[in-house]
Amino acid sequence: LAEQLRSDTPDIALDVHRRAAHWHYEQGNYEEAVHHALECGDPELAADALNLWASHLVSRAHLMTVERWYSRLPLEVLAKRVDLIVKIAYALIFLRRYGELRKIEPILELGADHLPSASGGHCSIALAMAAMSRNEVAKGFDLIGRVDVRNRDASGFGAFEYGAAANLLAYRAITCGDFERGRELIATARSYNERAQDTFSGGYMVAIEGFGLVLRGQVDESLNRFRS
């Protein structure tokens, strides 16, 4: 029926998709909103819906869903929404899609000097994560060292970002032998993860905490931490 409607009455089909896109967007059904917005040729609405939806997708590790819809949107539309670019970057980083990541890194670099809103979009954190993913450790440590994770009034995806930043800062501290600072930063990461209701970066927090315990010679405690 959908194919027949498109072929017999294309104007009506576009209007149906347009109405459906706006209705689903208002109802918070962002997957349907993105689909119908693209079908009616409204990439701006599709990007707005994906921006809201991606906040949950990334923090819950639904990365391939972000990648799939990103690939269907024009870069010039995405570039107007730096917070969405940051969310897409996380998906591409963890999926190791470095070719696609290179296309959006210039946008992140332009936004690195600007503080994000409380709801997220921190370009410097994403750039640090990209560097670490490529094993550019010195660059990653330098970038994350510029991020202040203390007492940020962040929630949702913003809290996810600061939790990730605190995890990376903890890893840097532990690597440099500052175990006390590492413990403090792990506690900070845990606080942000709870605010974000995030299970994804929580796994990294456990890994970093266990790594620190091993370096201190507390192998049994490290194993217990991993098992829990």
Side-chain angles (χ1 to χ4, degrees), residues 21 25 30-117 119-144 146-147 156-165 167-168 171 196 198-204 207:
Y25 183 85
Y30 299 124
E31 182 172 14
E32 292 297 327
V34 173
H35 165 72
H36 288 292
L38 289 173
E39 287 296 319
C40 72
D42 190 347
E44 298 286 347
L45 179 58
D48 285 341
L50 181 59
N51 198 3
L52 293 169
W53 187 26
S55 297
H56 304 287
L57 290 172
V58 173
S59 63
R60 289 162 178 76
H62 299 299
L63 307 177
M64 294 185 72
T65 301
V66 177
E67 180 191 30
R68 182 172 72 250
W69 290 112
Y70 149 73
S71 70
R72 295 190 58 187
L73 285 162
L75 185 58
E76 60 269 21
V77 172
L78 297 170
K80 300 174 189 176
R81 301 159 177 83
V82 176
D83 52 343
L84 175 55
I85 288 289
V86 168
K87 294 163 193 173
I88 291 166
Y90 275 100
L92 298 177
I93 288 164
F94 291 119
L95 291 171
R96 298 182 179 273
R97 308 288 199 255
Y98 297 127
E100 290 299 317
L101 182 61
R102 278 192 287 273
K103 296 178 184 178
I104 64 172
E105 276 185 299
I107 302 169
L108 296 174
E109 289 164 357
L110 285 172
D113 294 330
H114 304 286
L115 283 176
S117 67
S119 61
H122 205 304
C123 295
S124 293
I125 299 174
L127 287 167
M129 293 296 174
M132 295 300 291
S133 178
R134 295 189 181 112
N135 204 31
E136 298 169 353
V137 177
K139 181 180 178 180
F141 280 177
D142 178 62
L143 285 165
I144 205 63
R146 307 173 195 176
V147 178
F157 187 77
F160 164 82
E161 289 182 288
Y162 281 114
N167 274 330
L168 183 47
Y171 177 63
D198 164 40
T199 55
F200 185 29
S201 62
Y204 287 89

Looking at every heavy atom in both [X] and [Y], which two are closest together, and how far apart are they?
X: Ile93; Y: Ser133; result: O-OG, 3.5 Å
X: Ala49; Y: Ala33; result: CB-CB, 3.9 Å
X: Asn51; Y: Lys87; result: OD1-NZ, 2.7 Å
X: Ala128; Y: Gly140; result: CB-O, 3.8 Å
X: Val34; Y: Leu50; result: CG2-N, 3.7 Å
X: Glu161; Y: His122; result: OE2-N, 2.7 Å

Inset, instruction - State whether the side chain of Arg72 and the backbone N or O of Arg68 hold a donor-acceptor pair below 3.5 Å, judged by distance alone. - result: no
Atom pair [atom1] ([X]) and [atom2] ([Y]), whose distance is rounded to the nearest 0.5 Å:
X: Leu101; Y: Arg96; atom1: CG; atom2: CZ; result: 11.5 Å
X: Leu127; Y: Glu136; atom1: CG; atom2: CD; result: 11.0 Å
X: Tyr90; Y: Phe157; atom1: OH; atom2: CZ; result: 5.5 Å
X: Ser124; Y: Asp113; atom1: OG; atom2: CG; result: 7.0 Å
X: Ile88; Y: Leu108; atom1: CD1; atom2: CG; result: 10.0 Å
X: Glu44; Y: Leu73; atom1: CD; atom2: CG; result: 9.5 Å

Legend entry - Lys/Arg-Asp/Glu bridge criterion (N-O < 4.0 Å) met for Arg102, Glu105: no
Determine whether [X] and [Y] make a side-chain contact, defined as any pair of heavy atoms from C-beta on separated by less than 4.5 Å.
X: Leu38; Y: Trp69; answer: yes
X: Tyr70; Y: Glu100; answer: yes
X: Lys139; Y: Leu143; answer: yes
X: Ile107; Y: Leu78; answer: no

Inset, instruction - List in chain and number order the residues that pass side chain to side chain donor-acceptor pair (under 3.5 Å) with Arg146, two or more places apart in sequence or in another chain; answer none if no residue qualifies. - result: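 With sequence neighbours excluded, Arg146 shows a side chain to side chain donor-acceptor pair (under 3.5 Å) to Asp142, given in chain and number order.
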Legend entry - By side-chain contact (heavy atoms from CB on, under 4.5 Å) - contacts of Ala91 (at least two apart):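 Partners of Ala91 under the side-chain contact (heavy atoms from CB on, under 4.5 Å) test: Leu63, Val66.
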Legend entry - For Arg97, salt bridge (charged side-chain N to carboxylate O under 4.0 Å, His left out) partners two or more places apart: Glu67
Legend entry - Verdict with reasoning, Leu52 to Tyr25, per side chain to side chain contact (heavy atoms under 4.5 Å, CB included): CA-CA 10 Å; Leu52 293 169; Tyr25 183 85; 3.6 Å; yes
